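Keep in mind that this is a model prediction, so the values were computed, not measured.
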Amino acid sequence: MLLFDLTATQPSPESKFHGGSEYAKQIFFSSVEKGYRNFVCVYDKNKELDEKIKKTCQENHIEMIEVDSDSALISLVNSNRFSTFYSALPYHLYDIDTSNVQFIMTVHGLREIECSYDPVQWHYRKGMMSKLKLLIKRALFRNKEWNTYYDRFGRLLNKKKIKIITVSEHSKYSMLCFYPNLKKESIYVSPAPCPFGKEEPKLANEYAHISQYSRQFFLLVSANRWMKNNYRAIKALDNFYGKNPDCELKTVVLGKKEPHPGIKNIEKFIFIDYVDYDSLDWFYKNAFAFIYPSLNEGYGYPPLQAMHYGTPVIAAAVSSIPEVCKDNVVYFNPVNVNEIENRISQLYHNEELYQRLSLSGQKNAMEVSNLQTAKWDKLLDIIFNSNAN
């Protein structure tokens, strides 16, 4: 019997919505649609669980077990009740004993090892006490923190009776570089199932006032997370507006209610907290362009979600992003504000480039979708028929 980890679908401390949880949901719903129903689910009773998941479990008579902590989840896995355990976010489960259970995991990337720190973090700390804590952490415990993550990943990836799924060649070879005892044949790469939106997404009533700016705004998402690096993109946009006073485009920043201090052209920016899925798709579809300055990605859904609607993308040339986006975006160095501004200016002033990216991006999104579909059955087979593989 397989135990399916639904805690991976639940909100993280950093964000209510994140790529890992979307991936886990896609795996869950696709599994049921494909006829896999003979499994048990576990979830954290202290966190919100998607109502659609609850309903699907009830309608298909899938048992749901609640736990109240990571230790309780690990104890359940170690109870010998289950022959197989699958988690789409296994990073905190390095204490699982695989003596009697096969542990199948999706490892999206090694973010904490590849990019454990960047100076942009200072701009995401509120108050002097928070910044002081970061200063002490960097001064006294910098190597200790990296070594802790390296050890945890090692304890996870070097277990016996495991199968590793990952979402990009970048993530696969990152694991092989940091943990050379792994065999490349033991890591299966299947692109993340990107949750492409509806053709005509609806904007929630509370954001209805934004509809007046359709195709007249740059878009940034997940702005409360330092790893997404939106602070530097905002600085670049602020510089761009200062040099292009006739530009009527706004910038919509999702995931952050309050602006960073020091923005000179503040009237150009609209800050909004996290929005519902349908509204998010509306923003992707109706943006003039999507800017993705992330410092590290195991895969990276957002550029594809924008491309799906023909929205041109400019993005960071790091980690898995070039693998996913190929030559269908304009790239930049994500730590260089001047270069980000340069690319924004290129896209704004070059109509031919804008139209080319709109068309090629949409084509790329379709090709990625087709590849996902082609590899999907094999992915589910690895998870649910592991003992036969």
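Interatomic distance, Ile164 CD1 to Tyr188 OH, rounded to the nearest 0.5 Å: 15.0 Å. Atom CD1 in Ile187 sits 4.5 Å away from atom CE in Met175 (nearest 0.5 Å). Once rounded to the nearest 0.5 Å, the distance linking CG of Leu134 with CE of Met129 reads 13.5 Å. Expressed to the nearest 0.5 Å, how far CZ of Phe103 lies from CG of Leu157 amounts to 9.5 Å. Atom OH in Tyr241 sits 9.0 Å away from atom CG in Asp238 (nearest 0.5 Å). Taking NE2 of His92 as the reference point, atom CZ of Arg152 lies at 11.0 Å (rounded to 0.5 Å).
Using a 4.5 Å heavy-atom cutoff, the side chains of Lys163 and Ser186 are not in contact. Using a 4.5 Å heavy-atom threshold, the side chains of Leu220 and Leu254 count as separate. Within the 4.5 Å cutoff, the side chain of Ile104 has heavy atoms near those of the Ile165 side chain. By the 4.5 Å heavy-atom criterion applied to side chains, Asn296 and Val318 are not counted as neighbours. Arg111 has its side chain within reach of Met227: a pair of non-hydrogen atoms, C-beta onward, lies under 4.5 Å apart. Looking at heavy atoms from C-beta onward, Phe283 lies in side-chain contact with Val252 at the 4.5 angstrom threshold. The side-chain heavy atoms of Phe290 and Ile314, taken from C-beta on, include no pair separated by under 4.5 Å. Proximity of Tyr94 to Asp151: side-chain heavy atoms (C-beta onward) are nowhere separated by under 4.5 Å.
With hydrogens and angles disregarded, no donor-acceptor distance shorter than 3.5 Å links the side chain of Ser30 to the backbone of Ile27. Side chain of Ser360 to main chain of Arg356: a donor-acceptor pair is present (N/O by atom type, distance under 3.5 Å, no hydrogens or angles). Judged purely by atom type and a 3.5 angstrom limit, Asn60 has no side-chain atom pairing as donor or acceptor with the backbone of Arg37. Panel note: side chain Tyr124, backbone Tyr231; a donor-acceptor pair is recorded below 3.5 Å. In terms of modelled atom types and a separation under 3.5 Å, the side chain of Asn265 and the main chain of Lys268 share no donor-acceptor contact. Looking only at distances, no side-chain donor or acceptor of Ser222 sits under 3.5 Å from a matching main-chain atom of Lys228. Checked by atom type and distance alone, the side chain of Thr311 never pairs as donor or acceptor with a backbone atom of Ala289 at under 3.5 Å. A distance-only check finds no donor-acceptor pair linking the side chain of Gln102 to the backbone of Lys161 [under 3.5 Å].
The pair Lys285-Glu200 meets the salt-bridge criterion, since a charged nitrogen lies less than 4.0 angstrom from a carboxylate oxygen. Taking the charged nitrogens against the carboxylate oxygens, Lys34 and Asp377 do have a contact shorter than 4.0 Å, which makes a salt bridge. Ion pairing of Arg81 with Glu63 is present here, as a side-chain N (NZ or NE/NH1/NH2) and a carboxylate O approach within less than 4.0 Å. Contact check on Asp50 versus Lys55 returns no salt bridge, with no Lys/Arg side-chain nitrogen under 4.0 Å from an Asp/Glu carboxylate oxygen.
Note: Tyr299 and His170 fail the aromatic proximity criterion, with ring centroids not under 6.0 Å apart. Between Tyr213 and Phe288, the distance separating the two ring centers is not shorter than 6.0 angstrom. Between Tyr179 and Phe153, the distance separating the two ring centers is not shorter than 6.0 angstrom.
Note on ring orientation: taking the six-membered ring where Trp is involved, the planes of Tyr36 and Phe384 are parallel (angle under 30°, cut-offs 30° and 60°). Under the 30°/60° scheme for interplanar angles, the aromatic rings of Trp146 and Tyr150 are found to lie parallel. The aromatic rings of Phe39 and Phe4 sit tilted, their planes meeting at an angle between 30° and 60°.
Under the 3.5 Å distance criterion, with hydrogens and angles disregarded, no donor-acceptor pair is assigned to the side chains of Asp5 and Tyr43. For Glu114 and Ser174, the side-chain atoms include at least one donor-acceptor pair closer than 3.5 Å. Neither side chain, His260 nor Asn230, offers a donor N or O lying under 3.5 Å from an acceptor on the other. In summary, the side chains of Arg215 and Asn286 do not present any donor paired with an acceptor at a separation below 3.5 Å, with no hydrogens or angles considered. There is no side-chain donor-acceptor pair under 3.5 Å between Asn143 and Asn147. A donor atom on one side chain and an acceptor atom on the other are found under 3.5 Å apart for Ser171 and Ser168. At a cut-off of 3.5 Å, with distance as the only test, no side-chain donor of Gln362 or Tyr309 sits close to an acceptor on the other residue. Between the side chains of Ser279 and Asp276, at least one donor N or O lies within less than 3.5 Å of an accepting N or O. For the 3.5 Å distance criterion, the side chains of Ser294 and Glu297 qualify, holding a donor opposite an acceptor. A donor-acceptor pair shorter than 3.5 Å cannot be found between the side chains of Glu22 and Gln26.
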Where do Ile272 and Val253 land on the side chain to side chain contact (heavy atoms under 4.5 Å, CB included) test, with the steps shown first? CA-CA 6 Å; Ile272 303 173; Val253 183; over 6 Å; no

For Val42 and Leu6, run side chain to side chain contact (heavy atoms under 4.5 Å, CB included): C-alpha distance rounded to whole Å, both residues' side-chain angles, the deciding distance at 0.1 Å, then the answer. CA-CA 6 Å; Val42 58; Leu6 284 181; 5.9 Å; no

Ile65 and Val40: CA distance, side-chain angles, deciding distance, side chain to side chain contact (heavy atoms under 4.5 Å, CB included) verdict: CA-CA 8 Å; Ile65 300 175; Val40 176; 3.7 Å; yes

Quick one, Tyr23 with Thr106, criterion side-chain hydrogen bond (donor to acceptor under 3.5 Å, both in side chains). Give me CA distance, side-chain angles, the key distance, then yes/no. CA-CA 9 Å; Tyr23 177 94; Thr106 297; 3.2 Å; yes

Could you walk me through whether Phe332 and Asn342 pass the side chain to side chain contact (heavy atoms under 4.5 Å, CB included) check? CA-CA 9 Å; Phe332 55 76; Asn342 178 299; over 6 Å; no

Given Phe240 and Tyr348, is the ring pair (Phe, Tyr, Trp, His ring centres under 6.0 Å) satisfied, shown in steps? CA-CA 10 Å; Phe240 169 80; Tyr348 177 70; 5.3 Å; yes

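Cation-pi geometry between Arg343 and Tyr331 is not met: the NZ or CZ atom fails to fall both under 6.0 Å from the ring centre and inside 45° of the normal.
The two atoms that bring Leu295 and Arg232 nearest to each other are CD2-NH1, 4.0 Å, heavy atoms only. Across Ile340 and Pro334, no two heavy atoms sit closer than the pair CD1-O, 3.8 Å. Residues Tyr284 and Pro302 share a closest heavy-atom pair of OH-CB, 3.4 Å. The minimum heavy-atom distance between Ala88 and His108, with the atom names listed, is O-NE2, 2.9 Å.
Heavy-atom neighbours of Glu267 CD from other residues, nucleotides or ligands within 6.0 Å: above the threshold of 12. No more than 12 heavy atoms of other residues, nucleotides or ligands sit less than 6.0 Å from atom CG of Asn205. Within a 6.0 Å radius of CD in Gln212, more than 12 heavy atoms belonging to other residues, nucleotides or ligands are found. Enclosure of atom CG in Asp97 by more than 12 non-hydrogen atoms of other residues, nucleotides or ligands within 6.0 angstrom is indicated.
A single hydrophobic cluster is seen to contain both Ile113 and Leu89, as judged by linkage of ILVMFWY side chains at heavy-atom distances under 4.5 Å, directly or through other members.
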